[in-house]
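Reading through the structure tokens given below for one structure.
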Amino acid sequence: MTKSEKISGESLQWLYEDLNEEQRRAVMHTDGPVLILAGAGSGKTRVLTYRIAYLLAAGLAEPREILAMTFTNKAAAEMRERVRKLIPELISGMWIGTFHSLFARLLRIEGERLGFSSHFSIYDEDDQQTLLKTVMSDLNYSVTAHPLKLVSYKISAAKNAFITPEQLHNLATSKQDQIIAEIYAAYQRRLRELDAMDFDDLLIKPIELFQQFPLVLDHYQERFRYILVDEYQDTNRAQYIALQMLAAKHRNIAVVGDDDQSIYRWRGAEIRNILDFELDYKDCAKFRLEQNYRSTKNILDVAHSVVKHNRQRHPKKLWTEQAGGEQVTILEVEDDLEEATIVVNKIIVEMRAHHLDFHDFAVLYRTNAQSRVLEEALRRENIPYIIVGGVRFYERKEIKDVLAYLRLVCNPADVVSFRRVINYPARGIGEATINRLEAYAKEHNISIFQALIDCDKIEGIASKTVAAIHAFHQFIEKFIALRTELSPAELAATMVEALGILKAYKQENTVEALSRAENIREMLLAIAEYSTNAGKEASLEGYLHNVSLVTDIDTWDDRANAVTLMTLHSAKGLEFPVVFITGLEEGLLPISRSLDDAAALEEERRLFYVGATRAKKKLYIAWASNRRRFSGTVYSNPSRFLKEIDPQLVMVESTYRQPTRRAQRMPRRQEEQRMPKYEDESQEPVEFSIGMRVKHPMFGKGTIMGIEPSRTSIKLRVLFDESGERRLVLPYAKLEIL
DNA sequence: TCCCACTTTCTTTTT
DNA sequence: GAAAGTGGGA
């Protein structure tokens, strides 16, 4: 049967029924590079899934020849599910997943060539910093002189830009940058010794692999006849290079994206990648999806009126058949508490008026810290809610403890995990002992885990400690042996039981301890679920790789009947009938650190755009003139984005009891830009004066006796009526003026 | 070596 | 206001 015969069959009716003309052309243009500029809500996922389905149904590709890359597991799962619905019989063997998970899979298969085993550990940011700390101390660099955050940020940035330690060294313009390059080199060596990779390595190592082993590259180039990339605007340099390499042979690379929704610049994403796709592939076909199927015209116009102020963008405008719609409402409120209250009230009102459910609402914000007041307000009204993000499940201490044990069983060379659990639960093995073990391991060129066996030969370790070390060693060995006999779930459960962690938490009997115990139980259930789902494929390392790459949004349950609270970043790709964007204040959205950086500011604008275009029917935008941040109150001006919105598109609801000069409603034109106070804390004006009466939540009432400015903060000397004199650091002292 | 109390630092977003 | 780091006493 020829290609055209197959395609003309009735089975492809869906191509004509479900797609508009431009979408269909994008789907059916299968030869060569394709750029699909797909605006928010224009059916981007639909085009991708139909394209895959079409490639398969038309016989242009086998499932195993398709590689589809997304940024979240959720997006990948959705894509897979939708392809399955179209052509259930052709689903297995495709590589659909996130960059990180697919590359991890690739590295599990091919990593041995680079000196990694198939069960290498994946380090998250936390682990990364722990390792960096030890690397720096080995090199005798203090974390005071070279803040860990700075070092890890620069190394990560270099990796995302695919810059090697040597290159970074050559690029260095300061002594510190040279040192960072040196740490970077040592860090990479150490990772290899530990059989571990961090998130960035998952993107970089495939490139190194391809460069060093052209035959491997050749194999994957041949195999992946069709490559599809979602959210192309968020790819970084490393991802870009990897894609270029993989696509070089067949050149069937289709990328979908929207430059207006590029919001990961800070993570190394290069908007240039999508803006320049046509230069990279001069013969590419270009399709524009500009019909929006999600939102009303009012919402789109508001979003557009803001984003059009960006210079770094393809000019374009979405259109919709849903003319008009409800006006966008701007809520002007006094403070964050009131903001939360009004949001909750509006939810209740909207529910009654339009027969909506809780899951029809999303409340979005710039920073996770903003969720707290909202939570409290929702709880007061007994409204169920789900928070996405914040402290992630797999980053919780108790979860990481158990995971570290499991990782150690998989990969005894994993020193970061080793250090985490060697003395947890406490078995009397302290820092001094660990250092001796480490020195011994280094001297004899063995792993620290192997050094445990010989610990009785090491000088300076007490016999009691030797016994503890041997017991620990045997404990791990026992589970290494059990690994083949037990399922991951059984192994984990047995291990947790043997460690007595749950019992210890129960004994502690505090709210915190009990919730930690609960979390561990939940994790054991999750492992069991993984074991069932993966069936015969289930393995401990498989599970560990999975959880390393899971994000909160992946587990977000969109069917649960609850209001969703999340950051603007997490909201990308989702939609809700009613959306609230909160905290539209200078310094918060746009965030203070972006104010002096034109490119960063544009990203903030896109962030607003992403948020606004999540709304289907109704959009609320809120700003508060006071917001409690840290422990002080911060006064701010309305976001410049509010002023960019065409006033005719919105209605303003203000709840000021008495609007202040600062808080004039929607001023037409911006006079002097008043910077929010918290932008630079050292400049925060002192609101306190000597002799002033103040109240502290713990110490009670007192009198300010002195004000002592220092390099980084201001200290107040307060004489408390009951407890005497104390020094309090200003931004953190929760003082109320009486 | 462990444990407690105190100090310091951090809040932008996340695979 | 948390969470990690530091330091002194048991």
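Just so it is clear, the model here is predicted, and its values are computed rather than measured. Chain A is the first sequence line, chain B the second, and so forth, proteins listed ahead of strands; every chain is numbered from 1. In what follows, every heavy atom counts, from backbone to side chain, and hydrogens, waters and symmetry copies are set aside.
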From the candidates B/dT11, B/dT13, B/dT15, the one with an atom nearest any side-chain atom of A/H100 is B/dT15

- [ ] Determine: side-chain N/O of A/K133 to OP1/OP2 of C/dG5, distance under 4.0 Å, yes or no.
- [x] yes

Whole-Å distance, A/N160 CG to B/dT14 C1', equals 11 Å

Rounded to whole Å, the CG-C1' distance (A/L601 to B/dT13) equals 15 Å

Looking only at B/dT15, B/dT13, B/dT11, the nucleotide nearest the A/E125 side chain is B/dT15

Taken to the nearest whole Å, CG/A/L150 to P/B/dT9 is 15 Å

* Can you find a side chain N or O atom of A/T567 that sits less than 4.0 Å from OP1 or OP2 on B/dT14? -> yes

When you compare the ring of A/Y264 with the six-membered ring of B/dT14's base, are the centres less than 5.5 Å apart and the planes under 30° from each other?
no

Of B/dT15, B/dT14, B/dT1, the nucleotide closest to the side chain of A/T433 is B/dT1

The side-chain contact (heavy atoms from CB on, under 4.5 Å) partners of A/Q176 (sequence neighbours excluded) come to A/H146, A/P147, A/L150, A/S174, A/I180

Here the distance between atom P of B/dT13 and atom CG of A/L568, to the nearest Å, is 11 Å

Would you tabulate the pairs of protein nitrogen or oxygen atoms and nucleotide nitrogen or oxygen atoms of nucleotides 2-6 of chain B closer than 3.5 angstrom?
| residue | atom | partner | partner atom | Å |
| --- | --- | --- | --- | --- |
| B/dC2 | OP1 | A/N423 | OD1 | 3.4 |
| B/dC2 | OP1 | A/N423 | ND2 | 3.2 |
| B/dC2 | OP1 | A/G428 | N | 2.8 |
| B/dC2 | OP2 | A/N423 | ND2 | 3.0 |

Stems with DNA chain B, 3 or more Watson-Crick or G-U pairs in a row (under 3.5 Å), are B:1-10 with C:1-10

Evaluate the side-chain proximity of A/L191 to A/M197: yes if any heavy-atom separation is below 4.5 Å, no if none is. no

Practice problem: Tell me what A/E603 touches on the nucleic acid: a base, only sugar-phosphate, or nothing, going by heavy atoms under 4.0 Å. | Solution: nothing

Using a 4.0 Å heavy-atom cut-off, does A/S570 contact any base of the nucleic acid, only the sugar-phosphate backbone, or nothing at all?
sugar-phosphate

When rounded to whole Å, the CD to C1' distance for the pair A/Q370 and B/dT13 reads 11 Å

Any N/O pairs under 3.5 Å between the protein and nucleotides 6-10 of chain C? List them or say none.
none

- request: List the steps and the verdict of side chain to side chain donor-acceptor pair (under 3.5 Å) for A/K149 and A/Q129.
  value: CA-CA 8 Å; A/K149 267 197 83 177; A/Q129 303 225 333; over 6 Å; no

Q. A/T564 versus A/V363: any side-chain heavy-atom pair under 4.5 Å?
A. no

Would you call A/D198 and A/Y187 a side-chain contact if the rule is heavy atoms closer than 4.5 Å? yes

State, yes or no, whether a side-chain contact exists between A/F71 and A/T235 at a heavy-atom distance under 4.5 Å. yes

In whole angstroms, the gap separating C1' of B/dT14 from CG of A/N73 amounts to 13 Å

Discussion item. Walk me through whether A/S101 and A/T98 qualify under side chain to side chain donor-acceptor pair (under 3.5 Å).
Written reply: CA-CA 5 Å; A/S101 68; A/T98 65; 2.9 Å; yes

- prompt: Is A/R267 close enough and on-axis enough to A/F199, meaning under 6.0 Å and within 45°, for cation-pi?
  reply: no

By ring pair (Phe, Tyr, Trp, His ring centres under 6.0 Å), A/H119 pairs with (sequence neighbours left out) none

Comparing A/L549 with A/I591, nearest DNA chain B nucleotide closer to 5' gives the residue A/I591

* Asked: Is any side-chain heavy atom of A/L568 less than 4.5 Å from a side-chain heavy atom of A/Y365?
  -> no

Is A/N368 near enough to B/dT14 that one of its side-chain N or O atoms lies under 4.0 angstrom from OP1 or OP2?
yes

Here the distance between atom C1' of B/dT14 and atom CG of A/D198, to the nearest Å, is 14 Å

d(A/I458 CD1, A/L452 CG) to nearest 0.5 Å is 8.5 Å

Evaluate the side-chain proximity of A/Y232 to A/L243: yes if any heavy-atom separation is below 4.5 Å, no if none is. yes

Between A/F199 and A/P147, whichever has its closest DNA chain B nucleotide further toward 5' is A/P147

A/K159 NZ to B/dT14 P, in whole Å, measures 21 Å

DNA chain C nearest-nucleotide lookup for A/K397 and A/R372: closer to the 5′ end is A/R372

Those residues at least two apart in sequence (or on a different chain) that pass ring pair (Phe, Tyr, Trp, His ring centres under 6.0 Å) with A/Y543 are A/Y530

